[in-house]
Amino acid sequence: MPISADSFYQKTKVAVEEGRLDEALQAIRVQKAPVNSKTRELIFTLANALAYRADRHLDLANEDAAWIDLASAESLRSNLPRLEKLRSTLTKLMVTRAQNYLKEGALRQCEEVLGKLRDRNGASSELSTLGATCLMWIEGREFAETGEFQPAMASLERVRRRLIGSDMGVICEIEMLSKKKFEFESLKPEFNDAITRRDAPRIIELA
């Protein structure tokens with residue numbers, strides 16, 4: 001049996017005041033009574049409390065918890081101005097992390113951060129460029145792993161041009177790939193000779 005509007009308001013108000021924000025949030029989500037001025041005020045108060053808790057999580061470097069509280073506060077549709085600022089701060093932190101991972105060549109970690117941002121509807125003008133550059137670098141590595149050095153070098157050069165000023169990671173990888181290409185080319189004549197002589201042990205060793 002649904003509780004009365006007054007009882008709901010009092011219980012939820014106490015829950016907010018005592019810091020039981022998740023309990024208050026759940027109560028508001030399941031309450032079916034029409035929203036009145038008191039309830040709107042309560043919703044605004046809860047959203048503000050969730051935003052404040054998100055800020056505290058952020059101060060403690062617990063971004064995941066901050067994102068959860070932000071999403072909860074936004075779900076209340078309170079139009080609280082500080083939520084937009086909080087979302088912007090959290091998005092910038094994740095974009096910066098993705099940029100750092102990309103500079104270091106930590107591509108899977110970069111992809112993971114970008115995926116989380118997309119799931120959280122993070123809005124940034126840099127997201128599409130970061131994602132494309134990360135995929136381009138991954139493509140270059142995949143070419144290199146199969147011995148396709150020319151397309152691999154072409155992909156990494158495109159990455160380097162996109163990361164001007166932050167390109168030491170990809171420059172090191174290009175240099176390493178160049179050495180591998182040289183070693184590969186220097187072994188090809190010997191490999192072909194071993195095939196001609198049907199020297200199976202040497203073929204396997206060179207391969």
Side-chain angles (χ1 to χ4, degrees), residues 8-31 35-138 159 162-170 172-173:
F8 154 76
Y9 174 81
Q10 289 301 327
K11 289 183 177 180
T12 308
K13 183 173 181 291
V14 170
V16 173
E17 290 171 348
E18 293 181 351
R20 293 180 281 115
L21 306 185
D22 298 315
E23 180 183 325
L25 179 65
Q26 182 62 18
I28 286 174
R29 284 175 173 170
V30 301
Q31 175 63 16
V35 175
N36 54 32
S37 59
K38 287 201 307 182
T39 304
R40 278 193 293 270
E41 181 183 346
L42 183 60
I43 287 172
F44 189 87
T45 301
L46 176 57
N48 196 56
L50 286 164
Y52 177 73
R53 190 171 71 177
D55 284 333
R56 282 187 296 166
H57 286 314
L58 200 50
D59 289 340
L60 296 172
N62 191 345
E63 289 179 33
D64 286 340
W67 274 106
I68 290 171
D69 278 343
L70 171 63
S72 296
E74 289 177 335
S75 72
L76 294 170
R77 303 184 184 279
S78 65
N79 297 318
L80 188 66
R82 67 183 298 186
L83 296 182
E84 186 176 342
K85 181 180 179 182
L86 178 59
R87 171 170 283 278
S88 176
T89 298
L90 287 167
T91 298
K92 286 177 182 176
L93 284 171
M94 293 191 74
V95 167
T96 299
R97 185 175 299 111
Q99 289 171 331
N100 289 336
Y101 279 139
L102 187 59
K103 284 192 294 185
E104 295 165 4
L107 306 182
R108 296 305 175 190
Q109 291 92 327
C110 180
E111 272 196 317
E112 183 181 345
V113 173
L114 293 176
K116 284 184 177 180
L117 261 176
R118 285 190 288 269
D119 291 342
R120 293 165 176 172
N121 296 317
S124 171
S125 59
E126 300 173 75
L127 283 183
S128 59
T129 300
L130 278 170
T133 306
C134 185
L135 288 175
M136 198 178 295
W137 197 336
I138 290 172
V159 171
R162 283 169 171 256
L163 295 178
I164 291 174
S166 305
D167 54 2
M168 284 307 300
V170 71
C172 289
E173 195 156 323

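Quick caveat: nothing in here was measured; it's all calculated off a predicted structure.
Atom CG in Leu114 sits 11.0 Å away from atom CG in Asp119 (nearest 0.5 Å). Here CE of Met168 is found 12.5 Å from CD of Glu173. Values are rounded to the nearest 0.5 Å. Distance check: Leu58 CG to Arg56 CZ gives 12.5 Å after rounding to the nearest 0.5 Å.
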May I have the step-by-step check of side chain to side chain contact (heavy atoms under 4.5 Å, CB included) for Arg29 and Ser75, ending in yes or no? CA-CA 9 Å; Arg29 284 175 173 170; Ser75 72; 3.3 Å; yes
Starting from the C-alpha separation in whole Å, work towards a yes-or-no answer on side chain to side chain contact (heavy atoms under 4.5 Å, CB included) for Thr89 and Asp55. CA-CA 10 Å; Thr89 298; Asp55 284 333; over 6 Å; no
List the steps, then state whether side chain to side chain contact (heavy atoms under 4.5 Å, CB included) holds for Gln26 with Val30. CA-CA 6 Å; Gln26 182 62 18; Val30 301; 3.4 Å; yes
Pair Cys134, Val159 - check side chain to side chain contact (heavy atoms under 4.5 Å, CB included), show working. CA-CA 8 Å; Cys134 185; Val159 171; over 6 Å; no
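Two residues are said to be in side-chain contact when any heavy atoms from C-beta on lie closer than 4.5 Å; Thr12 and Thr39 fail this criterion. The shortest distance between side-chain heavy atoms of Met136 and Arg162 falls below 4.5 Å. Leu107 has its side chain out of reach of Tyr101: every pair of non-hydrogen atoms, C-beta onward, lies at least 4.5 Å apart. Looking at heavy atoms from C-beta onward, Leu83 lies out of side-chain contact with Leu50 at the 4.5 angstrom threshold. In this structure the side chain of Cys110 never reaches within 4.5 angstrom of the side chain of Asn100, judged on heavy atoms.
Every residue two or more places apart in sequence or in another chain that forms a side chain to side chain contact (heavy atoms under 4.5 Å, CB included) with Asp167 is listed here: Arg160, Leu163, Val170, Ile171. The side chain to side chain contact (heavy atoms under 4.5 Å, CB included) check on Glu23 picks up Ala15, Arg20, with sequence neighbours excluded. With sequence neighbours left out, Ser88 forms a side chain to side chain contact (heavy atoms under 4.5 Å, CB included) with Lys92.
Screening Leu25, Ile28, Thr45, Asn48 for a side chain to side chain contact (heavy atoms under 4.5 Å, CB included) with Val16, the sole residue that qualifies is Thr45.
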Report all side-chain donor-acceptor pairs from residues 121-131 shorter than 3.5 Å, counting only partners two or more places apart or in another chain.
unit_1, atom_1, unit_2, atom_2, d
Ser124, OG, Glu126, N, 3.2
Glu126, OE1, Gln99, NE2, 2.5

Distance-only criterion, 3.5 Å: show the donor-acceptor pairs between side-chain atoms of residues 62-74 and protein atoms not counting sequence neighbours.
unit_1, atom_1, unit_2, atom_2, d
Asn62, OD1, Ala65, N, 3.2
Glu63, OE1, Arg97, NH1, 3.3
Glu63, OE1, Arg97, NH2, 3.3
Glu63, OE2, Arg97, NH2, 2.5
Asp64, OD1, Arg120, NH2, 2.9
Asp69, OD1, Arg53, NE, 3.4
Asp69, OD1, Arg53, NH2, 2.8
Asp69, OD2, Arg53, NE, 2.8
Asp69, OD2, His57, NE2, 3.4
Ser72, OG, Ile68, O, 3.1
Glu74, OE1, Arg87, NH2, 2.9
Glu74, OE2, Arg87, NE, 2.8

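Asp59 CG: more than 12 foreign heavy atoms inside a 6.0 Å radius. The local environment of CD in Glu84 is sparse, with at most 12 non-hydrogen atoms from other residues, nucleotides or ligands closer than 6.0 Å.
Among residue pairs with one or both ends in residues 98-108, those qualifying as salt bridge (Lys or Arg N to Asp or Glu O under 4.0 Å) are Arg108-Glu111; sequence neighbours excluded.
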